[in-house]
Amino acid sequence: MAYDFKKVEKKWQLKWDAEGTFNATNDYKKKKWYGLIEFPYPSGQGLHVGHPRSYTALDVIARKKRLQGYNVLYPIGFDAFGLPAENYAIKTNVHPKITTQKNIAHFTEQLKALGFSFDWSRVVDTTDPNYYKWTQWIFIQLYKHGLAYKATMPINFCTGCKVGLANEEVVNGVCERCGSPVVQKEKSQWMLKITEYAQRLIDDLDEVDFLEKIKVQQRNWIGRSEGAEVEFKIANTDETLQVFTTRPDTLFGATYMVIAPEHKLIEKFADRITNLDEVKDYQHKAALKSDFERSEINKEKTGVEVKGIKAINPLTNQEIPIWISDYVLSSYGTGAIMAVPAHDTRDFEFATKFNLPIIQVVKPADNSEVELPFTDVETGISVNSGFLTGLSVEDAKRKVTEYLEENKIGAKKVNYKLRDWVFSRQRYWGEPIPMVYCDCCGWVPLDEKDLPLTLPEVEDFLPGENGESPLAKQTEWINTTCPKCGKPAKRETDTMPQWAGSSWYFLRYMDPHNATELASKEALEYWCPIDWYNGGMEHTTLHLLYSRFWHKFLYDIGVVPTKEPYAKRTSHGMILGTNGEKMSKSKGNVINPDDIVNEFGADTFRVYEMFMGPFDQTAAWSMESIRGCGKFLDRVWNMQEFMIDGDSYSPEYEKMMHKAIKKVTNDIEEMKFNTCISTFMTMVNEFYKLKRINKAEFKTFLTLLNPFAPHITEELNKLIGFESDISTYTWPEYDDAKTIDDEIEIPVQVNGKLKATIRIVLDEEEALVKEKALDAISSMIDGKSIIKEIYVKNKIYNVVVK
RNA sequence: GCUGAUGUGGCGAAAUUGGUAUACGCACAGCACUCAAAAUGCUGCGAGAAAUCAUGUGGGUUCGAGUCCCACCAUCAGCACCA
């Protein structure tokens, strides 16, 4: 009887759906486990075969945890605001709401066809006003606590989408989403002060179980560096120019200064600058370039000396020139640097090009001659540096910083690369920002009882003239009254970025239908933190950092009970096309999950994705390999033909059963799913050897396999005569003593090379092992003298001869 | 350029973390079943006649290295003058 996966899979999916088999309960006394996958953006292209890799992995873990007695929350939702729906609306005039609903329906169907044990009663949709009411509420709290502010600043402006982008969203100088060039543009933006949390976002990484590479990437992104701020007097004025440096010990070697093209010093001293036209011209050119272009490698350094003003090196009291150059960024530090060409590669290049003086102030400890620039901080010793001469880099840093502080010309300073989060988007399809501008009161948040502020219906989705939100055309909606003074006022027309809704969605899952709070205290207390969050590496510095920031803020204002949202974070590798390249429509190598499910069934699909390679590494799709997984499940199905009765493991299989339970139990926790599957395959091969499996063995086998292939295992479980479903079973236990073989084969080596193997009983006396070993290799060591013998108990016997 | 990861049969990959390298799967070959094919079930499958040689290359540590150390090469990913 052939296995009809279409019929069987549908049958179980309908049953699970109707009975809510996998829904989490509100029994807050039970031990809990909360597993989370990144909720998908419901794109028009439907599910990608990459999605199920992560979803299956956590589904396996979730199903296992349920069998181990946990109250499991494994939720799903949709991150449904976003540009594709809006761009589609601009093109076709179909409202994004309609597109989104259609796509969500399609995704839901696809996800259900794969048999994931999601709790479908808790689906969250970020575009639902009942959801974004709380996204807006959180924004208002951020505002009230001084963490949201308006700033006019140069922003990245996408020439294609006509929206402002966060730095993080600009990839290689082009828009991450549409690929159009990004230019700099002045705009008034809502900003979130994530920088205020920089240190805590670093420190608390020590308290969570994230993959090390994720922690490293977040730390590097936040980019803490210690140094000093130093003030340089501008000669013949009362003004100073402030710089940040990580090498205050090289201050004696600072021979000129460089300021960013946007630096306000230029305007301030416009009347004193003798080559203002030249400077202005340079500023103009720099403004046309994006941060990316300005920081391209191998680029010739450019710059102009700002003539008419000089700075004074506070240690040497020498006048030094000030230059303007785009290799100094206004967005980092103070937008100005002291240049120490002898000990900084960029400064060296610049000084060489423009013939600026280079003074060596650090030498190697061994006094050897070195080529400049010399940047080694480990072995360096200060020279030509007055009171610092002779000190190591580290000591010199400390001493000079003390000096700066005593003389009030500088101070110790910590700087971060992390920048505040640009939170405004000039788009329609996002959460309206619940703020009102009043001529008397300034920016005023909406009264919380008036939330949600719903998106008005519009018919025209084109952005405004100057890249404004389409909402800017909705005069009726814009004009309102000030919540504070009641006078006429105007609404903010920008909307929130897609990252907003995904920064807290995991909290809503805990209590998704709550109308009065974002989630109840009890639910938050019970479910926080998320026990295991799996997602892509590409979200490490954006979503993962943003959501940690929001969670910390919610912790500070007493909404959530934990400092960190996620106790554990892992990541999955990408799935590539059969040609080993990233799947894309243009390359024509896209694999459609629907086709796979139709041809092979959901179980085969799931098993294959878990078998294809190490979970955290990229893997190329293979149509041959998936067929092999289908064959494996067919062999499992056909085992019913030789099943016999029995309510305990038979002696021939007992060891194998205990070993397998142990291996699968441990490997699932370590996400070594591929070796779980090979364990199952080995077991099936063994059962086929004797053409025999008893009912007890079958039951254990099916329970172990169930998290990977839930449909076929449930069906088989019924067919071989069990009344209740596997989903009600208890995860199999193993007896460690029964996983150990009592007779083993060990290698015998001569000079470290394998020459023979011998059989010994476990923990056999060494003398007996020696006898057997020497006997086995006697012909090979004849006439040679034994220098050494090494016996590693139950592992190996090695004889060294000469 | 910097950072990180990876490199094992024809292919995807295992290897109890320093102890019999190549488990498991794919592909391939042979046999059985069949009029035949498919499906299925068995069997074989790193190279070499053998001694031996094989985990990107070259060194090293060790009784013993895929695993540890040093240098290098290749591929992939991320980052971009961060002072």
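Basis for what follows: all heavy atoms, side chains included, without hydrogens, waters or symmetry-related copies. Treat the numbers as computed from the prediction; the structure is a model and nothing was measured. Per chain, numbering begins at 1; letters A, B, ... match sequence-line order.
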Looking across every strand, which nucleic acid part, if any, lies under 4.0 Å from [X] by heavy atom: base, sugar-phosphate, or nothing?
{"X": "A:V792", "value": "base"}
{"X": "A:K213", "value": "nothing"}
{"X": "A:K755", "value": "sugar-phosphate"}
{"X": "A:G628", "value": "sugar-phosphate"}
{"X": "A:E745", "value": "base"}
{"X": "A:Y688", "value": "sugar-phosphate"}
{"X": "A:K672", "value": "sugar-phosphate"}
{"X": "A:T675", "value": "sugar-phosphate"}

Does [X] make a side-chain N or O approach to OP1 or OP2 of [N] shorter than 4.0 Å?
{"X": "A:N415", "N": "B:C82", "answer": "no"}
{"X": "A:K689", "N": "B:G41", "answer": "no"}
{"X": "A:N685", "N": "B:G25", "answer": "yes"}
{"X": "A:R346", "N": "B:C82", "answer": "yes"}
{"X": "A:R635", "N": "B:G41", "answer": "yes"}
{"X": "A:K753", "N": "B:C53", "answer": "yes"}

Do A:H543 and A:E38 have side-chain atoms, one donor and one acceptor, less than 3.5 Å apart?
no

A:I758 and side-chain contact (heavy atoms from CB on, under 4.5 Å): which partner among A:I746, A:L774, A:D775, A:I744?
A:I746

Specify whether A:Y3 and A:F5 have parallel, tilted or perpendicular ring planes, treating 30° as the upper limit for parallel and 60° as the lower limit for perpendicular.
tilted

For A:R247 and A:E624, find the nucleotide of RNA chain B closest to each by heavy atoms; which residue's nucleotide sits nearer the 5' end?
A:E624

Between A:G613 and A:I677, name the one whose nearest nucleotide on RNA chain B is closer to the 5' end.
A:G613

Aromatic ring proximity A:F632/A:F611, centre distance under 6.0 Å
no

So that I know where these two stand, are A:Y608 and A:W621 an aromatic pair - ring centroids less than 6.0 Å apart?
yes

Taking only the [atom1] atom of each, what is the distance from [N] to [M] in whole angstrom?
{"N": "B:U17", "M": "B:C82", "atom1": "P", "result": "43 Å"}
{"N": "B:A23", "M": "B:G46", "atom1": "P", "result": "8 Å"}
{"N": "B:G60", "M": "B:G44", "atom1": "P", "result": "40 Å"}

Is B:G9 in the syn range, within 90° of 0, or in the anti range?
syn

Within 45° of the ring axis of A:F687 and under 6.0 Å from its six-membered ring centre, is that where the NZ or CZ of A:R692 lies?
no

Which dot-bracket string describes RNA chain B (Watson-Crick N1-N3 plus N6-O4 or O6-N4, or G-U N1-O2 and O6-N3, all under 3.5 Å; [ ] crossing; | other strand)?
(((((((..(((......[....))).(((((.......))))).((....))..(((((..]....))))))))))))....

Between the side chains of A:E686 and A:K689, is the shortest nitrogen-to-carboxylate-oxygen separation below 4.0 Å, so that they form an ion pair?
yes

Might you confirm whether atom NZ of A:K215 has over 12 heavy atoms from other residues, nucleotides or ligands at distances under 6.0 Å?
yes

